[in-house]
Number of protein chains: 2
Amino acid sequence: MSGKNTGKLAEIMRRGEVLSTECPSREILKHVTSQWGVLVLVALMEGTHRFSELRRKIGRVSEKMLAQTLQQLERDGFIRRVSYPVVPPHVEYSLTPLGDGIGRQVEGLTDWIEINLPKIIEAQQMQA
Amino acid sequence: MSGKNTGKLAEIMRRGEVLSTECPSREILKHVTSQWGVLVLVALMEGTHRFSELRRKIGRVSEKMLAQTLQQLERDGFIRRVSYPVVPPHVEYSLTPLGDGIGRQVEGLTDWIEINLPKIIEAQQMQA
DNA sequence: CGGAATCCAAGATGATACTG
DNA sequence: CAGTATCATCTTGGATTCCG
């Protein structure tokens with residue numbers, strides 16, 4: 001491929017760490033690309049939401065999975081959870097700056113799929 | 001579709017179809033963001049690979065899951081599978097133009113994670 | 001309302017053995 | 001080499017119930 005340590009370092013920096021089984025990025029990737037993680041991030045790109053708002057917006061997600069996903073993404077520093085000590089409870093979820101960053105990437109992915117959906121479906125049917 | 005609302009159509013086109021529970025894009029998204037789907041796409045962004053090459057490159061993926069993932073992505077039109085009728089068998093996998101398109105998006109996501117990994121880990125530890 | 005806890009069904013994943 | 005088949009297991013996901 002190329003020279004000594006500078007070349008190797010450059011290569012690592014450029015990409016490919018996710019393909020390292022030990023790299024922590026692989027874990028983060030799992031959280032982000034999880035079934036509901038993607039949709040939560042996309043939904044929150046439009047702004048702050050309450051728990052039930054997210055549930056309705058995403059659709060067909062159980063309370064359990066939504067709660068679990070939110071906690072996961074909160075631990076990774078992508079989501080900020082603000083709880084107001086009122087009754088009935090009021091909790092708001094929003095993206096941190098970090099969350100907004102990854103949200104853009106995820107949105108890039110989902111937007112691409114939506115835009116190219118016709119081509120994809122066409123490709124699927126070619127083989128059937 | 002009903003035909004009296006251009007505004008609604010515009011909104012749908014802009015984004016948010018993945019948040020529609022019925023939209024086929026949600027299925028595609030699932031394939032692409034699957035545990036191994038992401039890694040396969042990233043790996044293939046570097047060029048054509050054989051089955052065993054992919055397995056080694058991705059690491060810790062069972063034959064079964066790799067085969068299953070490859071078939072899935074092939075059906076979606078993202079991957080081209082070329083089999084040479086020789087013995088021992090020789091099969092090559094590569095990205096279609098469509099696959100390259102989504103590969104770029106996925107790579108954008110993985111690259112972002114790798115670049116921001118320090119920040120993410122820092123954010124995680126802030127809460128611990 | 002926003003969850004936590006529990007139980008249960010279903011699907012994802014893996015290890016192994018086998019085949020063309 | 002590139003899978004397929006089988007079985008065992010582990011994780012997901014959902015429904016339900018209860019609580020602050």
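Throughout, protein chains are lettered first and strands after them, A, B, ... in sequence-line order, and every chain is numbered starting at 1.
Atom CD of B:Q72 and atom C1' of D:dG3 are 17 Å apart (whole Å). As rounded to whole Å, 17 Å separates atom P of C:dA10 from atom CZ of A:R60. Going from atom CG of A:L66 over to atom C1' of D:dA15 covers 16 Å, rounded to whole Å. We find that CZ of B:R26 is positioned 12 Å from P of D:dG13, with the value rounded to whole Å. In this structure, A:I58 places its CD1 atom 16 Å from C1' of D:dG14, rounding to the nearest Å. Atom CD of B:E74 and atom P of D:dA2 are 15 Å apart (whole Å). In this structure, the CD atom of A:Q71 is 9 Å from the C1' atom of C:dA4, given to the nearest Å.
Across all non-hydrogen atoms, the minimal contact from A:E107 to A:M45 is OE2-CB, 3.4 Å.
Side-chain proximity of B:K64 to the nucleotides C:dG3, D:dA2, D:dT6 is greatest for D:dT6. For B:Y93, counting side-chain heavy atoms from C-beta on, the closest listed nucleotide (C:dA4, D:dG3, C:dC1) is D:dG3. Residue B:R50 places its side chain closer to D:dA2 than to any other of D:dG13, D:dG20, D:dA2. Here C:dG3 is the nucleotide among C:dG3, D:dG3, C:dC1 with the atom lying nearest to any side-chain atom of A:F51. Relative to the side chain of B:Q35, the nucleotides C:dG2, C:dT13, C:dT6 differ in distance, and C:dT13 lies closest. Proximity note for A:R81 (side chain, C-beta onward) versus D:dG3, C:dT13, C:dG2: the nearest is C:dG2. Taking every side-chain heavy atom of A:E63 into account, C:dA4 is the closest of C:dC1, D:dA2, C:dA4.
Residue-level contact check: A:Y84 touches neither bases nor backbone, having no heavy atom under 4.0 Å from any strand. Across all strands shown, B:P88 has heavy atoms under 4.0 Å from sugar-phosphate atoms exclusively, and none from any base. Across all strands shown, A:R55 has no heavy atoms under 4.0 Å from either base or sugar-phosphate atoms. Among the heavy atoms of the strands, none lies under 4.0 Å from B:E53.
Between A:E63 and A:R55, at least one side-chain N (NZ, or NE/NH1/NH2) sits under 4.0 Å from a carboxylate O, which counts as a salt bridge. Using a 4.0 Å cut-off between a side-chain N of Lys or Arg and a carboxylate O of Asp or Glu, A:K57 and A:E46 qualify as a salt bridge.
Using a 4.5 Å heavy-atom threshold, the side chains of B:Q124 and A:I28 count as touching.
In this pair, B:Y84 and B:H90 present their aromatic rings perpendicular. The plane angle is above 60°, beyond the 30 to 60° band.
Nearer to the 5' terminus of DNA chain D, by closest-nucleotide assignment, is the contact made by B:H90 (compared with the other of A:S62 and B:H90). With DNA chain C read from its 5' end, the first of the two nearest nucleotides for A:A67 and B:M65 is the one closest to A:A67.
Between A:Q68 and the phosphate of D:dT11, there is no side-chain N or O to OP1/OP2 separation shorter than 4.0 Å. Between B:S34 and C:dA12, a side-chain N or O to OP1/OP2 separation shorter than 4.0 Å is absent.
Interatomic distance, A:I120 CD1 to B:D76 CG, rounded to the nearest 0.5 Å: 7.0 Å.
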